[in-house]
There are 2 protein chains.
Amino acid sequence: MSEIICTVDIVLLTLKEECLHVALLRREHEPFKGVLALPGGYIHAEEDADTHAAAVRTLQAKTGIASPYLEQLATFSGPGRDPRGWSISISYYALVPENLIGEAGHPHVELLPVERLKGLPFDHLQIVEAAVSRVRNKSSYSSLPVYLCGEAFTLPRLQAVYEAVLGEPVNKVSFRRKIDELGILEPIEGALETGKANRPAQLYRLRKEYRDRLSLTDRALNAR
Amino acid sequence: MSEIICTVDIVLLTLKEECLHVALLRREHEPFKGVLALPGGYIHAEEDADTHAAAVRTLQAKTGIASPYLEQLATFSGPGRDPRGWSISISYYALVPENLIGEAGHPHVELLPVERLKGLPFDHLQIVEAAVSRVRNKSSYSSLPVYLCGEAFTLPRLQAVYEAVLGEPVNKVSFRRKIDELGILEPIEGALETGKANRPAQLYRLRKEYRDRLSLTDRALNAR
DNA sequence: GAAATAGTGTCTTTAAGACACTATTAT
DNA sequence: ATAATAGTGTCTTAAAGACACTATTTC
């Protein structure tokens with residue numbers, strides 16, 4: 001019955017040079033040894049509380065990253081996707097600010113732009129595309145992109161992040177209205193982003209209720 | 001490694017007496033023998049092309065139903081959800097008109113209202129809730145509820161179906177504008193629903209492009 | 001002061017909803 | 001004709017976007 005191979009794969013996304021990038025690693029073992037692929041691995045029934053825990057463990061082990069936002073994407077399956085046999089991959093996606101990868105990430109993590117990816121093993125290209133599509137779609141009506149920013153950020157910066165993710169310009173007034181009525185951000189008292197030859201911008205952070213969660217319910221952060 | 005139990009479960013939903021109902025079956029074997037539960041079963045690596053195929057096969061075998069709309073919901077997992085051991089359930093949801101269950105469905109299929117369900121085995125209650133939540137959410141911006149209607153239906157009927165699913169009244173003018181601009185329905189030439197003591201309503205059907213698909217991409221049917 | 005971007009007030013445009021009116025059937 | 005619901009035209013309200021103006025910094 002169970003010659004089924006059970007794995008998790010994680011699409012770790014970040015914004016680098018204003019473009020979505022995905023974290024890839026060279027595979028240490030066959031199949032596809034030496035090829036860039038998504039971080040992933042077997043579910044460990046002995047130690048994992050569920051597949052989400054397996055994804056957290058795998059992401060930490062392979063990349064060194066603990067992502068505050070990690071959500072299940074979909075399950076991919078079939079006899080052909082893995083040459084070892086009939087397999088299941090429960091895929092997750094995570095969003096982190098780029099500097100986190102630089103600071104906590106293992107040095108061999110490679111960031112590739114999600115556009116024009118090619119030659120990924122297994123069905124990893126399809127998984128990445130599904131993740132990007134989910135993130136784009138969800139960003140259009142939620143506060144997802146805040147997880148691509150660091151702890152503190154300005155509204156102009158957050159707007160630029162939205163625009164990079166959505167791939168289109170965003171109306172400034174509407175954007176600020178929306179963010180305001182979402183009620184998820186708070187200004188950091190007295191903290192301004194100075195240094196540039198213009199009026200300094202107020203720094204904001206996620207309100208406490210929304211920080212430091214490994215996973216968030218849809219309703220918690222969405223407008224509607 | 002793989003003492004992991006791999007199954008699919010299907011949340012088959014229909015509209016009965018203007019309320020969402022889920023199809024349940026009494027389990028034939030332990031665990032929970034004789035208890036009402038979601039139709040589900042093991043993935044057969046020898047014959048299933050993927051988990052979607054496993055869901056189609058399982059739904060057909062257990063209930064006799066072939067649902068035009070069948071979509072992956074999420075994957076549930078862990079050591080405790082099935083007393084037999086660490087298990088994975090890749091869950092799917094399907095929408096069918098009630099008469100299809102009466103005509104093609106096995107006689108032992110039971111329809112229970114999704115509100116106030118209790119005593120479902122495994123984590124099936126959680127799975128049903130996730131499915132209902134997904135359907136409600138998706139119905140608010142897509143044409144999903146047409147799959148709860150039969151082949152031909154009137155716009156007032158479709159509106160009532162939307163209202164039943166969403167649990168709130170829908171503005172008639174806006175509703176018709178939206179359906180019109182979705183462009184997924186076509187009037188059935190000369191077919192009116194007569195018999196009632198009022199002006200007869202035009203009958204509509206899904207346009208050919210949207211009929212008879214086992215699964216539809218999100219983009220195919222959604223407005224935005 | 002000039003240049004640059006932050007932040008806001010307000011008008012315009014567009015979408016959603018309310019309301020009312022006409023249309024067509026059975027009785 | 002009356003009752004009942006289908007179907008549509010149009011006004012109102014609310015949300016989204018455009019535009020312009022003020023604010024605050026560096027040089």
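Quick note on labels: first sequence line is chain A, next is B, and so on, each numbered from 1. We use all heavy atoms of the structure for the numbers below, so side chains are in, but hydrogens, waters and symmetry mates are not.
Note: OH (A:Tyr162) to P (D:dA16) measures 13 Å, nearest angstrom. Nucleotide D:dT25 holds its P atom 12 Å from the CD atom of A:Gln202, rounded to whole Å. What separates OH of B:Tyr204 from C1' of D:dA6 is a distance of 10 Å, to the nearest Å. Note: CD (B:Glu168) to C1' (C:dA16) measures 13 Å, nearest angstrom. Counting to the nearest Å, the C1' atom of C:dT5 and the CG atom of A:Leu155 are 13 Å from each other. One atom, CD of A:Gln159, and another, P of C:dA6, lie 9 Å apart when rounded to the nearest Å. Rounded to whole Å, the distance from CG on A:Asp180 to C1' on C:dG9 is 15 Å. Counting to the nearest Å, the C1' atom of C:dG9 and the CG atom of A:Asn171 are 14 Å from each other.
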Assess the residue pair A:Leu38 and A:Phe122 against the criterion (side chain to side chain contact (heavy atoms under 4.5 Å, CB included)); give the C-alpha distance rounded to whole Å, side-chain angles, the decisive distance to 0.1 Å, and a yes or no. CA-CA 10 Å; A:Leu38 291 176; A:Phe122 308 104; over 6 Å; no
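Under 4.0 Å is where a charged nitrogen must lie from a carboxylate oxygen, and between B:Arg26 and B:Glu110 at least one such pair does. Ionic pairing of A:Glu193 and A:Arg157 is not present here: no N-O contact between side-chain nitrogen and carboxylate oxygen is shorter than 4.0 angstrom.
Looking at B:His124, its side chain never comes within 3.5 Å of a backbone N or O of B:Ala37 through a donor-acceptor pair. B:Ser77 places a side-chain N or O within 3.5 Å of a backbone atom of A:Thr51 that can act as its donor or acceptor partner.
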Please list each protein N or O that sits under 3.5 Å from an N or O in nucleotides 25-27 of chain C, with the distance.
residue: C:dT25; atom: O2; partner: B:Ala197; partner atom: O; Å: 3.4
residue: C:dT25; atom: O2; partner: B:Asn198; partner atom: N; Å: 3.1

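Taking side-chain N and O atoms only, A:Lys172 has no distance below 4.0 Å to OP1 or OP2 of C:dA6.
Of the candidates D:dG9, C:dG7, D:dA18, D:dA18 carries the atom nearest the A:Val173 side chain, counting heavy atoms from C-beta on. Comparing atom distances between the B:Arg176 side chain and each of D:dT8, C:dA18, D:dG17 picks out D:dT8 as nearest.
Atom OG of B:Ser133 sits about 11.5 Å away from atom CD of B:Gln126, to the nearest 0.5 Å.
If you check distances only, the side chain of A:Arg177 never reaches the base of D:dA15 with a donor-acceptor pair under 3.5 Å.
For the side-chain contact (heavy atoms from CB on, under 4.5 Å) test with B:Leu20, the passing option among B:Val128, B:Leu111, B:Val114 is B:Val114; the others fail.
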